[in-house]
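Throughout, residue positions are numbered sequentially from 1 according to the sequence presented.
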Amino acid sequence: MTPSEPAEARTQEPTAAPGGGRSAARADGRSGQTATLAEIAREAGVSAPTVSKVLNGRADVAPGTRGRVEELLRAHGYRRRRAEAARSPLIDLVFHELESAWAMEVIRGVENVARDAGLSVVLSESAGRLTPGRSWADQVAARRPHGVVLVLSGLDESQRALLTSRSIPFVVMDPAGDPGADVPSIGATNWQGGLAATRHLVELGHRRIGAISGPPQMMCSRARMDGYRAALETAGLPVDPALIMTGDFHHETGYRLGRELLGRPDRPTAVFAGNDLQALGCYEAARELGLRVPEDVSLVGFDDLPVARWVGPPLTTVRQPLTEMAEAAARLVLELGRAPAVESPTATRVELATSLVVRASTGAPAVP
């Protein structure tokens, strides 16, 4: 390679350099200041073949050693050219949980884009953790996919550094927390959705409106509840903490918290659930308590899963364009993979619009 050409990942060892070391060119192209791999190995306290493995994207290096070597390689200006031929025809799709119809809508969107691009999709689950396990990044580095889409998940610093060093782009869809200013992400207008759902109930005449949120550590859940509060405050209604329950986006929790809310003597006349699964849990709770939907209690969900239109009565909900969000995330990660490597890529944050879908689960409150 020439001094002006960035180091490219390859399977063979770099060529021998005068003086017994092995060399690779600096990304800045400054002649006479190139550290050999042997020098980097001595500084890192490892062998030259280990440095070569890290440089070439091999997975059989301990995470701590890799991190130390990666830092030195970056300090000396080593970087790789994006190489389409070296990539596997894959997109990695990572969920924090993979167990609901919600996930199926996301899978459908990513597969739509992957199929058109002649790629396949690899599914991973982080077992409820908001970052994948320690070995996951090593496996991705070994696969060399075209890109990674993470759903309600994120990456820790070492995982991000590893993928970046291998020129494997990644995009976060519906990030659980703040993904960082330099992380591309796709989301939805969750605050606006929570506002629209609650405002609909207020306009129907409801004054005691309960809510079952999602996990408080998830950014989308907090935004929906902020929209709920904003709608009440705008209407001059109090935000009663006793009517707000903390859920986890699961059907069973919607049922349990729905029974608690609707079993009270001063029960709310309407409930905004943070997602459709929790709203469906509330349906079950209402039936067990002898309450009719919407005559005795109005229910609103969030997501507009296919099942929402088939339950009885059909569920009023906020449509989150899950398939379109997943398609946008997959297209973005492929675009990032085709873009030239740069030192500080411009982060992209895209939010797709939500919309209220009014069905038969909401109506005016019963007259006392």
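Side-chain contact between V202 and L232 is present, with heavy atoms from C-beta onward closer than 4.5 Å. V121 has its side chain out of reach of V149: every pair of non-hydrogen atoms, C-beta onward, lies at least 4.5 Å apart. Contact annotation: the side chain of L90 approaches that of S120 to within less than 4.5 Å [non-hydrogen atoms, C-beta and beyond]. Here the side chains of F302 and C220 are not in contact, with every heavy-atom distance at 4.5 Å or above. Side-chain atoms of N275 and H250, non-hydrogen and from C-beta on, never get closer than 4.5 Å to each other. For the pair R199/L356, no side-chain contact is recorded, criterion being any heavy-atom separation below 4.5 Å from C-beta on. Within the 4.5 Å cutoff, the side chain of I209 has no heavy atoms near those of the P268 side chain.
Put simply, V358 and V307 are part of two different groups of oily side chains (I, L, V, M, F, W, Y) that touch within less than 4.5 Å, one to the next. Hydrophobic clustering of Ile, Leu, Val, Met, Phe, Trp and Tyr side chains at less than 4.5 Å, counting indirect connections, keeps V318 apart from I186.
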Report task. Determine, step by step, whether E284 and E288 satisfy the side-chain contact (heavy atoms from CB on, under 4.5 Å) criterion, reporting the C-alpha distance in whole Å, the side-chain angles of both residues, the deciding distance to 0.1 Å, and the verdict. Result -> CA-CA 6 Å; E284 186 177 353; E288 288 190 1; 4.0 Å; yes
Query - Candidate pair L119 and R87, rule side-chain contact (heavy atoms from CB on, under 4.5 Å), full reasoning - result: CA-CA 11 Å; L119 306 176; R87 293 177 179 169; over 6 Å; no
Query raised in the report: How far apart are the C-alpha atoms of F170 and V140, what are their side-chain angles, what is the distance that settles it, and do they pass the side-chain contact (heavy atoms from CB on, under 4.5 Å) test?
Result: CA-CA 11 Å; F170 55 89; V140 173; over 6 Å; no
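Using cut-offs of 30° and 60° for the angle between ring planes, the W102 and F95 rings count as perpendicular.
Contact record, S298 with H206: OG-NE2, 3.3 Å, taken as the closest heavy-atom pair. Scanning all heavy atoms of the two residues, the minimum distance from C282 to I212 falls at SG-CD1, 3.4 Å. In terms of heavy atoms, G194 sits closest to F272 at CA-CZ, 3.9 Å. A279 and G301 make their closest contact through CB-CA, 3.9 Å (heavy atoms, listed as atom of the first residue, atom of the second, distance). When all heavy atoms of P294 and S361 are compared, the pair lying nearest together is CB-O, 3.4 Å.
In this structure, CE in M218 is found 3.5 Å from NE2 in H96, a value given to the nearest 0.5 Å. To the nearest 0.5 angstrom, M219 atom CE is 12.0 Å from D226 atom CG. We find the CZ-OG1 distance between R68 and T65 to be 4.5 Å, quoted to the nearest 0.5 Å. In this structure, the separation between CG on L123 and CD1 on I107 is 4.5 Å, given to the nearest 0.5 Å. Summarising the geometry, atom CZ belonging to R108 is positioned 4.5 Å from atom CD belonging to E105; distances are rounded to the nearest 0.5 Å. Expressed to the nearest 0.5 Å, how far CG of L289 lies from CG of D296 amounts to 10.5 Å.
Among residues at least two apart or in separate chains, salt bridge (Lys or Arg N to Asp or Glu O under 4.0 Å) pairs with a member in residues 298-310 are D304-R359.
Judged by distance alone, the side chains of H200 and T362 do bring a donor and an acceptor atom under 3.5 Å apart. Side-chain polar atoms of R349 and S185 form a donor-acceptor pair below 3.5 angstrom.
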